[in-house]
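Heads up, the thing below is written out as structure tokens.
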Amino acid sequence: MSAGRKIAGLLLAAWVLQIALVLPDYPDGLVLKTFLRFPLELPAILLSLAALSRGWRATSAIRAFLAVALVVMVLLKIADIGSFIAFSRPFNLAVDSFVFDAGPRLAARTIGLPLTLLAGIGVIVGLGALITALWWASGQWTGLVRGVRWRAGASLGAALCVAAVTLQVSGTALKRWPWRADTTRIAGYHLTRYVETTRSLRLFHAAAQTDPYAGSTDLFTRLQGRDVLIVFIESYGRASFDNPLYAPTHLGTLKAAEPRLRQAGLTMRSGWLTSPTAGGQSWLAHSTLESGLTISDQTRYRALLASPRKTLFDLANASGLRTLAVMPGITMDWPEGPKQGFQSIFAAADLGYRGEAFNFVTMPDQFTLAAFDRLVTRGQPEAPLLAQIVLLSSHAPWVPVPRMLPWEELGDGTVFNEMARAGDPPKVVWRDRDRVREQYRQAIDYSLQAILAFAERQTQDPPLLVILGDHQPASFVAQSENRDVPVHLIGPPDLVALFDGWNWTEGLVPDAQAPVRPMRDFRDRFIEALSGTGSELGG
């Protein structure tokens, strides 16, 4: 073989290995400049292969291991990309195996069985071609250097490169190098997530086995056929009561609503819960409340979904209640919903809003609540309702803030368009932290006005309303590291009286010294109060 062909073969082989190493794990990385990067692992691999002897028995095994490892990483990165596109998160080896069954089924329903089979054949052929290319590439560099000194030098160079990869991935050094060890980092990330998730799964499986309500089918008997609505207000925390920037406005709105609600025949109690999160990741609070377990990070969340633990909504289903979620923030597929026990899900597209979005917020809270009233059948004693409603108007960036309108004028939501275009955009407002705090004050006040006006309208077969915050806002807005959130019970006097043992404050303003419980305690205490099982837990 001529020297030119030999060099060309080496360069092509190095390029094949480079492509496998620089393939990104997120959709936005699929651009030309990504594939022009120099991976820090590449010299370690090439020098290691060059130092091998073609006559060693272990050489073929090492090459096979390298090819398989790179193929696995390519597949894992592709899985990450697909998971980001579908679910806005990376793939989790421990809990996402369902996609290998659900994916082909979905494809068969979407594009038909013949095209699905053709795609499957294409995947198999592509996988075979990738393995062949990597095996060939490793062979081009294997045994490239000869002689003890040259092999020793190549081995030393490989060891130094491995050390550089280790230092960068561990975060101890070389973080600002232009050369990145992304494949190693991704492998470490997935390994860590797998270990953490399996550990959490074991804990959740144990919790499921000792769940006092597992297998129960006769809960919620004290509801006597009436509905329950659990309403989360985004970023509604203790700052609304303790921070002088917000308290005058928010306390004023709460106190002004109390006599109107009493006149409507409703009773109120208020207390405190401690959220597992702050500043964001509302779904962690939602899942903590419904599962009775502390879900403080994404790993625990994924582990919960894969565990047999029964949520509040699962237990309601088993006891004959209808369950649904109103989720105006869901704009993509939400496979997690049914796993949390929701029989029906009303996502953003299902609520009938045709107006303009308020930046991140898909629709004003007043419209969300009106859509719930319009779309959901209520007052069926033989099949009472347990619903979760998530209100978004108080979600950052809090720009612009809608205002309340007469309920009969909401229509399809286009009446909000002028409000959605009003004021400065977030990039202007967020240059000034004082303006951000002012927008937050207005946004929470709007959400409170909307839900309290909604509660006041429930005069026929009024439900039991549980209204609570999911978490405190970002710390620079809350100006506190406290994670407490308020929770209000509003409903018929006989239902609210079932919670007297909780020692909560009468009205909508919880006493500052009232007992505070972790949000995870809510599920069992709530079931206990509405089912009359066991001894009721005091404050």
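Side chains are part of it too, since the values below use all heavy atoms of this structure and drop only hydrogens, waters and symmetry mates.
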Does Y213 reach the main-chain N or O of T311 with its side chain, forming a donor-acceptor pair under 3.5 Å? no

Is the F232-H286 ring centre distance short of 6.0 angstrom? yes

Would you mind reporting whether Q340 and F313 have side-chain heavy atoms less than 4.5 Å apart? no

Please confirm whether the backbone N or O of A443 pairs with a side-chain atom of S394, one donor and one acceptor, at under 3.5 Å? no

Checking E196 against R199 for the salt bridge (charged side-chain N to carboxylate O under 4.0 Å, His left out) test, could you report, in this order, the C-alpha distance in whole Å, the side-chain angles of both residues, the deciding distance, and whether it holds? CA-CA 5 Å; E196 291 176 348; R199 184 186 298 122; 5.6 Å; no

Is a donor from one side chain sitting under 3.5 angstrom from an acceptor on the other, for R441 and T249? yes

Check whether D227 reaches the backbone of G379 with its side chain - one donor and one acceptor, N or O, closer than 3.5 Å. yes

Could you report the tightest heavy-atom contact between D80 and F91, atom names first, then the distance? OD1-N, 2.8 Å

Could you check F241 against Y246 for ring-ring contact (aromatic ring centres under 6.0 Å, His included), going step by step and ending with a plain yes or no? CA-CA 7 Å; F241 299 80; Y246 318 125; over 10 Å; no

Using a 3.5 Å distance criterion without hydrogens, assess whether the side chain of Y440 forms a donor-acceptor pair with backbone atoms of S235. yes

Work out which heavy atom in R269 is nearest to a heavy atom in V496; give both atom names and the distance. CG-CG1, 3.4 Å

pair L293-T288: side-chain heavy atoms closer than 4.5 Å: no

D484/R238 salt bridge by N-O under 4.0 Å criterion: yes

Would you call R226 and D494 a salt bridge, taking side-chain N to carboxylate O under 4.0 Å as the test? yes

For the residue pair N482 and Q472, establish whether any side-chain heavy-atom pair is separated by less than 4.5 Å. yes

In this structure, are over 12 heavy atoms from other groups packed under 6.0 Å from R403 atom CZ? no

Pair T368-D365, side-chain donor/acceptor within less than 3.5 Å: no

Look at the side chain of N417 and the backbone N and O of E356, then say whether any donor-acceptor pair between them is shorter than 3.5 Å. yes

Salt bridge present between D373 and R378 (N-O < 4.0 angstrom): yes

Salt bridge or not between R523 and E290? Use side-chain N to carboxylate O under 4.0 Å. no

So does Y194 get a backbone contact from the side chain of T197, meaning a donor-acceptor N/O pair under 3.5 Å? no

Under the criterion ring-ring contact (aromatic ring centres under 6.0 Å, His included), I'd like the reasoning laid out for F346 against F372: C-alpha separation, chi angles, the key distance, then a yes or no. CA-CA 9 Å; F346 291 85; F372 169 78; 8.1 Å; no

Kindly say whether E528 contributes a backbone atom to a donor-acceptor pair with the side chain of S531 at under 3.5 angstrom? no

Would you find a donor on one side and an acceptor on the other, under 3.5 Å apart, between the side chain of T323 and the backbone of G341? yes

Thinking salt bridges, do E258 and K255 make one under a 4.0 Å N-O criterion? no

